[in-house]
Amino acid sequence: MAFLKRFELPKDIQSAELIQYRLAQQLILEDKFKDEDEIRLVAGGDVAYEKDGQRLVAAVVVFDLKSFTVVEQVVCAGRVKFPYVPGFLSFREGPVLLAAIRKLKTEPDVFLFDGQGIAHPRRLGIASHLGVLLDRPAIGCAKSHLFGSYEEPGKEKGAFSFIRDRFGDAVGLVLRTKANTRPVFVSPGHRVSVAMAGRIVLRCVSRYRLSEPLRQAHIIARRAVMEPAD
DNA sequence: GCGACAG
DNA sequence: ATCTTGTCGC
């Protein structure tokens with residue numbers, strides 16, 4: 001998979017912030033698909049870190065919703081080049097994820113990333129950042145909250161509530177993907193609406209809290225980070 | 001000043 | 001994210 005824009009790695013938080021404001025202007029929050037049934041291949045990308053070292057590994061899987069199985073998987077190792085600072089996760093994990101995506105032979109319909117989309121202080125969580133660089137549909141699916149206000153959704157699977165910014169605009173969903181379990185935080189990354197992002201994520205879930213694409217990517221990434229090579 | 005703070 | 005054992009519940 002080839003892409004046009006390159007990943008800029010800033011030297012400090014100040015310049016990173018400028019990059020976020022600039023890329024956020026390129027966000028498109030309209031659905032590329034009218035119906036979720038047009039979506040069949042969903043990619044999931046996640047990163048695992050070596051217990052203490054500076055090495056990290058990104059895994060990206062392409063999940064086929066029709067067979068509900070992984071049809072392609074790639075991994076890519078790299079070195080940490082940016083610290084973890086809340087609100088700037090993409091500068092830490094973005095480079096390796098992009099390098100892994102570059103290895104894909106299959107062109108997925110949409111990408112799922114472990115983190116926020118536009119439910120972010122500057123509307124550029126990792127899913128939006130990578131979505132814009134790839135100019136492909138992307139969705140942020142985080143395991144915890146970062147930005148915006150929300151009410152606790154119902155306890156049953158499928159229950160949800162909106163994540164709103166300070167103006168009251170919906171920027172994402174708090175979605176219960178499994179009964180009586182902590183919800184996940186879903187927000188559009190790029191080229192998808194809030195509603196469509198929620199529908200897609202739900203379609204990727206079965207018996208676990210995490211969507212299958214991200215759950216599989218997580219397993220593969222940490223399995224790879226344990227091994228010596230790559 | 002105080003609390004919050006993706007992975 | 002990662003370090004860590006057992007344990008309660010569907």
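Below, all heavy atoms of this structure are taken into account, side chains as well, without hydrogens, waters or symmetry copies. Reminder, nothing fancy here: chain letters follow the sequence lines and each chain counts from 1.
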(request) Name every residue in residues 149-158 of chain A that has at least one heavy atom under 4.0 Å from any atom of DNA chain C, in order of residue number, or write none if there are no such residues. (result) none

(message) Test: side-chain hydrogen bond (donor to acceptor under 3.5 Å, both in side chains). Region: residues 193-204 of chain A. Which pairs qualify, not counting sequence neighbours?
(response) A/Asp31-A/Ser193, A/Glu36-A/Arg199, A/Asp37-A/Arg203

(message) Taking any atom closer than 4.0 angstrom to a non-hydrogen atom of chain A, what span of DNA chain B does the protein reach, first nucleotide to last?
(response) B/dC5 to B/dG7

(request) Let me see the working for A/Glu152 and A/Arg176 under salt bridge (Lys or Arg N to Asp or Glu O under 4.0 Å), right down to the final yes or no. (result) CA-CA 10 Å; A/Glu152 197 64 28; A/Arg176 192 80 66 181; 3.5 Å; yes

(request) Please work out if A/Gly87 contacts a base, only the sugar-phosphate, or nothing of the nucleic acid, heavy-atom cut-off 4.0 Å. (result) base

(request) With sequence neighbours excluded, give me every ring pair (Phe, Tyr, Trp, His ring centres under 6.0 Å) pair touching residues 27-66 of chain A. (result) A/Phe63-A/Phe68

(message) Using a 4.0 Å heavy-atom cut-off, does A/Phe82 contact any base of the nucleic acid, only the sugar-phosphate backbone, or nothing at all?
(response) nothing

(request) Heavy atoms only: give me the nearest A/Arg55-A/Val57 pair and the separation to one decimal. (result) NH1-CG2, 4.1 Å

(request) Kindly write out the residues that satisfy side chain to side chain donor-acceptor pair (under 3.5 Å) with A/Glu8, not counting sequence neighbours, or none if the list is empty. (result) A/Arg22

Atom pairs under 3.5 Å, N or O on each side, protein against nucleotides 1-3 of chain C: can you list them with distances?
from: C/dA1; atom 1: OP2; to: A/Lys143; atom 2: NZ; distance (Å): 3.0

(request) Output all residues satisfying side chain to side chain donor-acceptor pair (under 3.5 Å) with A/Arg123, sequence neighbours left out; order by chain, then residue number. (result) none

(request) For DNA chain C, write out the stems as range with range, using runs of 3 or more consecutive Watson-Crick or G-U pairs with both distances under 3.5 Å. (result) none

(request) Return the set of residues passing ring pair (Phe, Tyr, Trp, His ring centres under 6.0 Å) with A/His190 (not counting sequence neighbours), or none when no residue passes. (result) none

(request) Check the angle between the aromatic planes of A/Phe111 and A/Phe113 and answer parallel, tilted or perpendicular using the 30° and 60° thresholds. (result) parallel

(request) Go through residues 116-129 of chain A and report each residue with a non-hydrogen atom lying under 4.0 Å from DNA chain B, sorted by number. (result) A/Gln116, A/His120, A/Gly125, A/Ile126

(request) Take A/Glu38 and A/Lys32 through the test salt bridge (Lys or Arg N to Asp or Glu O under 4.0 Å) and record every step on the way to the result. (result) CA-CA 10 Å; A/Glu38 297 175 43; A/Lys32 172 167 184 170; over 6 Å; no

(request) Would you please classify the geometry between the A/Tyr150 ring and the A/His145 ring as parallel, tilted or perpendicular, with 30° and 60° separating the classes? (result) tilted

(message) Minimum heavy-atom separation for A/Met226 and A/Arg222, please, with both atom names.
(response) CG-O, 3.1 Å

(request) Return each pair, listed once, that meets salt bridge (charged side-chain N to carboxylate O under 4.0 Å, His left out) where at least one residue sits in residues 178-188 of chain A; pairs must be two or more places apart or across chains. (result) none

(request) Dot-bracket for DNA chain B, please, read 5' to 3', with Watson-Crick or G-U wobble pairs under 3.5 Å on both distances, ( ) within the strand, [ ] crossing, | other strand, . unpaired. (result) .......

